[in-house]
Amino acid sequence: MKSKHIILGVSGGIAAYKAAMLTRLLVKQGAEVQIIMTQAAKEFITPLTLSTLSRKPVVSEFFDRRDGTWNSHVELGLWADAMIIAPATASTIAKMANGIADNMLITTYLSCRAPVFVAPAMDMDMYAHPATKANIEKLQSFGVTIIEPATGELASGLDGKGRMAEPEKIVSCLFTNDLENTSLSGKKILITAGPTYEKLDPVRFIGNFSSGKMGFALAEECLAEGADVTLVAGPVALSTPADGTGRGCVRRIDVESADEMYDAAVKAFPDCDAAILCAAVADYKPATCSDTKIKRENNSEMTLQLIANKDIAMRLGEMKTPSQLLAGFALETGDGIDNATDKMKRKNLDLIVLNSLSDKGAGFGSDTNKITIIEQTGDITQLPLQSKREAAKAVVDKVKKFLSVLLLIIGLQHSVGGFQASAQELNARVTVNSDKVQGTDKNIFNTLQKSLTEFINNRKWSNATFSQNERIECNFTIIVNSVSGNMFNAEIQVQARRPVYNSSYTTTLFSWRDTEFDFEYIEFQPLEHTEGTLDSNLTATVIYYIYIVLGFDFDSFAPDGGKQYFRQAQQIVDITQSQSSWNGWTAFGNKRNRHALATALTENQSDVFHTLWYNYHRKGLDEMAANADRGRTNIITAVTTLKDFKAARPNSILLQLFDVTKLDETVLIYSKATTQEKKEAYSLFTSLFPSASARYEALKK
């Protein structure tokens, strides 16, 4: 939204007060906002408020009454990159649909050449009236985007559809709609294309029929959108895409084998905003490659041993940060959608493109293709047979929208709280309790406490930007049981809380007690951490829990938003397997240790739990400040999905985690609900956590 010109039209409805927050969000995202108010809107919110927030004088009339200056609706219409009317009353919508230009807002709308967005706000009967519906349909036929109103309590006291969409949703609609043709301008996109050849000897190879045309079409389309493209190409007979506008460029890296493509992709990906893995990479390669041509012998058979190539998509999925997008391709000959969806989840892709081989004119070597785009959200877009450039455009359009949503997640979500300077994500407090230890110099425990506090708080653990009042409050309590030389036997308790938006309340994200904690510590020796290596069981355990806490925080803002951090925690588990002396990391039956927790959080069956976590926090707790009943209802709807999760994974460690972390809070929230709501909640909790019935007896009152 940086430097975008946005016209915000405010008409006369009770929802006009939300224009203040909407203006603030737009300005926070870097937009220049010009507000136009109808006369009726001034009865609900003052021009001074909106002028202060937008930093521009509010326009409401054709002429300034003080000096007669003419406010040109034509110039405003040409100036705008987008126009939003929020709230849009039934009267304003009717005037827009029928061209009744009797105020500054409507004349500007009629002069506007930019995309127009309308957020209706009115009573349920007015919204449902055939006249209003016809006017909305008419606006849609003009190309106006209608941002659907929500259902809930209305100003009239009735409950129904007509509440203006929340400001965050309105801004999200702008993010996910193109405001200019070169919407990838400044973005760096990695694309892999073509086949790979795996050598048998100097003259023969194992390969496939890929021509690289689809990958090169993607590069052309990204270039046309203004992106800087890194094109890692297998052995193909295609020219490098070029664009004469100077908006973007293509840097081509030619490779031959899967190993070469792997190395090039892994090296380029950290500096990219997105990667589209279109190459047909060989899954296997010969175990050995002969230096000389293999001669045909008299034998009628030849045995060839193959070994697996490195998995490029899997590795980039592990590397992917919350601000990056990863798209892949799948070529299936049976159960296409199911197999492609499974691949997308296993490899941490944001979307996957399913290629067709069964349709004439689609697949290898042709200039046309028939694709199906599958997204992590569950949306499936099936496209007809079309040119590969047209198919590429459909894929790139999805990429653009995904990048907009990712920007919203890491920007808008962490900017709603205010204008404070950015800060480290964790505000950690470390406590080392040594009461059980006798005869040891207490200074060593103070040094350990100070060193750990600095180790956690003085480095950045994610790519997200946090404001001061959005930092995660995190407590690490280490209870030392005994010390022998430099070896400490202890337990560690970790609790993390995040603020609930629009309130002073903080909610527990994670609460866990780990009794398997032996570590070595030498006083005054710096605590080190290098990516991919672990220096001690002390730092390994602390870093592990940092990633777990971050995962739960990001999950509370977006479904699967924390997946990357849970995977990083799992990587620490994998690395520690070689350290036989470090306890708490090894799988052992139903033991509930670090290994078990990381496994539960990264397995496919946990998707239900991650979605529940998002719905509980974002649609539940964050909503309660605005509407307590709606937020409470969303919470119990989210918790209800635990039934399905428990049926699939009855002994999951995540059920225990929810019990420890959230059950008391949920019961507290429902202590102020209606009798029927309490009854339903009691029945639910009894079925989910029968051993904890005493904790929710209050719901029976």
Side-chain angles (χ1 to χ4, degrees), residues 1-11 13 15-37 41 45 49-50 52-56 79-88 109 112 114-121 144-150 152 163-180 183 187 322-323 325 377 400-420 422 464-467 470 501-502 554 556-559 561 614 617-619 622-623 625-627:
M1 300 293 293
K2 188 175 182 180
S3 302
K4 288 286 183 283
H5 296 164
I6 308 295
I7 293 176
L8 173 57
V10 184
S11 59
Y17 77 92
K18 293 184 180 181
M21 176 57 77
L22 179 54
T23 303
R24 184 184 181 202
L25 291 176
L26 291 168
V27 171
K28 179 67 175 176
Q29 292 302 319
E32 187 177 343
V33 181
Q34 175 61 65
I35 295 171
I36 303 176
M37 300 179 70
I45 186 170
T49 298
L50 296 180
T52 302
L53 291 170
S54 66
R55 305 166 193 167
K56 294 173 76 72
W79 172 83
D81 292 307
M83 183 176 188
I84 314 165
I85 295 140
Y109 157 69
C112 187
V116 178
F117 302 80
V118 168
V144 173
T145 299
I146 304 297
I147 304 172
E148 283 286 314
R163 289 172 56 91
M164 188 183 94
E166 294 303 316
E168 293 91 343
K169 181 178 179 181
I170 295 172
V171 175
S172 176
C173 286
L174 286 184
F175 270 101
T176 53
N177 282 271
D178 295 332
L179 299 187
E180 61 178 356
S183 58
K187 298 295 184 185
S323 62
L325 173 136
T377 59
K400 290 189 296 186
K401 290 187 177 182
F402 262 77
L403 287 175
S404 298
V405 172
L406 288 175
L407 177 61
L408 187 64
I409 290 173
I410 67 172
L412 179 59
Q413 285 180 188
H414 289 289
S415 67
V416 177
F419 293 96
Q420 294 87 347
S422 62
T465 300
F466 286 66
S467 64
E470 293 164 341
Y501 282 149
N502 304 314
F554 278 87
S556 74
F557 287 107
Y614 163 72
H617 291 87
R618 198 74 183 106
K619 295 185 178 180
D622 287 346
E623 179 68 22
N627 188 311

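None of the values given here were measured: they were computed from a predicted structure.
Using a distance-only test at 3.5 Å, with no hydrogens or angles considered, no donor-acceptor pair links the side chain of H5 to the main chain of E32.
Between E166 and K18 there is a salt bridge, since a side-chain N of the basic residue sits under 4.0 Å from a carboxylate O of the acidic one.
Among all heavy-atom pairs drawn from I170 and A165, the shortest one is CD1-O, 3.6 Å. Contact record, A15 with M164: CB-CB, 3.9 Å, taken as the closest heavy-atom pair. Contact between A31 and I6 at its shortest, heavy atoms only, is CB-CG1, 3.9 Å. The two atoms that bring F557 and Y614 nearest to each other are O-CE1, 3.3 Å, heavy atoms only. The two residues F117 and A82 make their nearest non-hydrogen contact at CE1-CB, 4.1 Å. For the residue pair A86 and L8, the shortest heavy atom distance occurs at O-CD1, 4.0 Å.
Within a 6.0 Å radius of NZ in K56, more than 12 heavy atoms belonging to other residues, nucleotides or ligands are found.
Under the side chain to side chain donor-acceptor pair (under 3.5 Å) criterion, T23 pairs with no residue at all, not counting sequence neighbours. In terms of the side chain to side chain contact (heavy atoms under 4.5 Å, CB included) criterion, residue partners of I45 (sequence neighbours excluded) are, by chain and number, A16, A20, M37, T49, L50.
To the nearest 0.5 Å, atoms CG (L22) and OG (S54) are separated by 11.5 Å. Atom-to-atom distance recorded for T145:OG1 and M83:CE is 13.5 Å, nearest 0.5 angstrom.
Under the side chain to side chain contact (heavy atoms under 4.5 Å, CB included) test applied with I84, the options L26, V118, I7 reduce to a single match, L26.
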